[in-house]
Amino acid sequence: MVAAQETSLQRILEGSSQYLVPLYQRPYGWGDEQLQELWNDVIQLAEDRLDEPRATHFIGSVVLAPAPASVAGTVTQFLVVDGQQRLTTLTLLLAAIRDFLREVDGSPSRDSDRIHNQLLTNQYNDDPDRLKLLPTQVDRPAYTAVIDGRPLPDDDGRVVNAYRFFQGRLSAVADAEDMSFGLSQIVDAVVSGLSVVSISAHASDNVHRIFQSLNNTGLMLTQGDLLRNYLFMRLPSRSEEVYRTHWLPLQESLGNERIETLFWIDILHKRPKLKQGQTFAAQQARLEKLATEAHIVAEVERIARLGRLYRLILQPETESDPAVRLRLSRLAEWDSNTPAPLVLHLLVLRDQGKATDEQLATALLYIESLLVRRFLTGRTTMNLNRLFAEAVPQLDTSMPVDAALRMHFSLGRKHYATDKQLIEGISSTPFYLYGRAAQRKVMMTWIENLFATRESVSPASLTIEHVMPQKLSAQWRAQLSAEFGEDNVDTLHERYVHTLGNLTLTGYNESLSNHEFARKRETLRASSIRMNQEIAAHESWGPGQIEKRGLSLAERIIEFWPGPVDESELPENPLWTALSELLTALPEGRWTTYGDLAAQLGTAPQPLGNRMRTHPAPNAHRVLGAGGTFADGFRWSDPDRTDDPRQLLESEGVRFSASGRADSTQRLTPTELQQLLQSGPVQAGHDHPLAT
């Protein structure tokens, strides 16, 4: 049961109590903007209380929960579930007032001693029970120095900044000649006039739900913050150990923002359409199924391992294998987070011993190839988020991971351009108008690096140059008119100007501009860019040369970035041969599920379902979901087939309920499926002795 009451700062802090900010919470973070807002409220309240002594000002809520027995001391201790930023700020303000009273104002020592002994410390207790508020570990040295009046740390952190901010404001009040009130009124306003709703949770309450509902003041928490708090609130006895050994290294390695992204990437393969802002709700729904503290510990350990692998994506230079490091570096250079769920999965497989360095490097090359070929054919980002996320559960686990990934990309509507499609795309797609400008330049530098230069080209000082300019000068128009006729110039210019064959890299864009080709040629010939030297070998430049160069570039691209697999050249996978035989043996009047089929064949339901959707599959209509309904998006592998699968099943004798579920008594049991593999088909309906 939760108890809420409006109270003052004095009533919260006085008495033998201590408030612990859980070590898993983020450090103190208020800056000058929040501090100034609080100070304005204090000054206004002090003025209001001159006319109305009982006036108060509400500044938010503080959510408290009993401290676990493992951390309980000799004073009454509470965990600060929410409101630690506000409570820390107020105690720093009290410390600044105390020191101002001691050193500047000349007030009796009892006033400053009262603040120190009753509101900031438990004067009759030793550490660690002495301080009224015990912040997170990272803030404790600076905070303790402020409360104890010791020299402050050299680093100008948030805690020290807040204390000095209030010192400055108090000095300004003392120096002001037009103030209608003094320091005593400010002290009274802070201690007695600031109103806080104190929400106390019972030890058995679900405090993380309270925390979520009240996260509406101060600095808003990120999805990662919410998940961190949720996880550690479910670790009543092992939080400090797990935080120190797993979470803190993760936080130091990635930072809060990247941790949030990691949680999002972690769940995308299960929910490919999930927005990053929905991460907490989705992960919480999954984590709530974990019943014990040991399960939560295992989950934090898993996330920490994922974090170490995710760091390889963010910092490829930390990867030990040269080939994998190169491929990770290229994907990082592409600067897109879309492949991350799949890349992280591949890194996990290697970490588990299910993929070698060589297989991982090749699989990453296929990801790069897919990106390159889609980009060059004008399909830059279409459904890429879903494509990479959905690949994780759909990979054929019976094959090496690199071969499985290439096969997966090659099937269905992945827009993994074939060599023929790539050549056509390079010839006709206005490359310069697609995708992000930064990615266009990266693509051009990658292509330049195909020319066997001694060292990789850096795009930092380069720009993309149109050889035939975007705006035709009189000289260019005259040249093209002489060869193709005046009436065709604009049409040809529009068709070719933005295609890859007409584009190059240069550091001399301004000097090239839209000059005639003869002048450009001399500059390009002197360039260290190899593709420029090839362009300069031409005597003239126009549609013919652009097409020829496009084909030449396409040959290099095809050689370096492999395309989709030609299935006709591959031997049939024994797994799919067995699937076809088992599907063929399914009798009329009976049905089975993807899960039961997968269990019999030793694979997973997702790749099996993907195989059936993209390849001819006999009796596919006799395979349903576990509840006896057709899978979402069921379609025949033959695109010309339009008959209703349910009507076909009914014509074969399968009965359906009013809610559209197939009769469970007509479902083939695992034993019957095993017998189908061994001895041929069973009979329809209940005529077979094994029918249930």
Just by modelled atom types, is the [Y] backbone N or O under 3.5 Å from a matching donor or acceptor in the [X] side chain?
| X | Y | answer |
| --- | --- | --- |
| Lys441 | Leu462 | yes |
| Asn502 | Val497 | yes |
| Gln439 | Trp334 | yes |
| Lys520 | Val467 | yes |
| Asn383 | Arg386 | no |
| Arg495 | Ser428 | no |
| Ser329 | Arg325 | yes |
| Asp357 | Asp321 | no |
| Lys414 | His408 | yes |
| Arg549 | Met531 | no |

Consider only side-chain N and O atoms of [X] and [Y], and report whether a donor and an acceptor are under 3.5 Å apart.
| X | Y | result |
| --- | --- | --- |
| Glu333 | Trp446 | yes |
| Asn532 | Thr504 | yes |
| Thr669 | Thr671 | no |
| Asp266 | Gln283 | yes |

Mind checking whether [X] and [Y] have side chains closer than 4.5 Å, heavy atoms only?
| X | Y | answer |
| --- | --- | --- |
| Ile296 | Val242 | no |
| Leu376 | Arg373 | no |
| Phe409 | Val565 | no |
| Ile447 | Arg556 | no |
| Tyr432 | His466 | yes |
| Gln533 | Arg525 | no |
| His415 | Gln421 | no |
| Arg228 | Glu260 | no |

Face-on cation placement of Arg374 at Tyr416 ring, 6.0 Å and 45° thresholds: no
Spacing of [X] atom [atom1] and [Y] atom [atom2] [to the nearest 0.5 Å]:
| X | Y | atom1 | atom2 | result |
| --- | --- | --- | --- | --- |
| Tyr434 | Leu500 | OH | CG | 14.0 Å |
| Ile423 | Leu551 | CD1 | CG | 6.5 Å |
| Leu364 | Leu326 | CG | CG | 10.0 Å |

Shortest non-hydrogen separation from [X] to [Y] and the atoms involved:
| X | Y | answer |
| --- | --- | --- |
| Ser253 | Arg311 | OG-CD, 2.7 Å |
| Ala355 | Gln359 | CA-OE1, 3.4 Å |
| Trp247 | Leu231 | CZ3-CD1, 4.1 Å |

With salt bridge (charged side-chain N to carboxylate O under 4.0 Å, His left out) as the criterion, how do Glu319 and Arg350 come out once you've worked through the C-alpha distance, each side chain's angles and the decisive distance to 0.1 Å? CA-CA 12 Å; Glu319 164 61 37; Arg350 183 185 63 169; 2.8 Å; yes
Check the angle between the aromatic planes of Trp541 and Phe517 and answer parallel, tilted or perpendicular using the 30° and 60° thresholds. parallel
Verify side chain to side chain donor-acceptor pair (under 3.5 Å) between Glu368 and Trp561, making sure each step is shown before the conclusion. CA-CA 8 Å; Glu368 184 180 314; Trp561 284 293; 2.7 Å; yes
Set of ring-ring contact (aromatic ring centres under 6.0 Å, His included) partners for Phe431, sequence neighbours left out: Phe375
Could you go step by step and tell me if Gln276 and Thr261 meet the side chain to side chain donor-acceptor pair (under 3.5 Å) rule? CA-CA 7 Å; Gln276 190 162 352; Thr261 304; 3.3 Å; yes
Do other residues, nucleotides or ligands put more than 12 heavy atoms under 6.0 Å from the CD atom of Gln352? yes
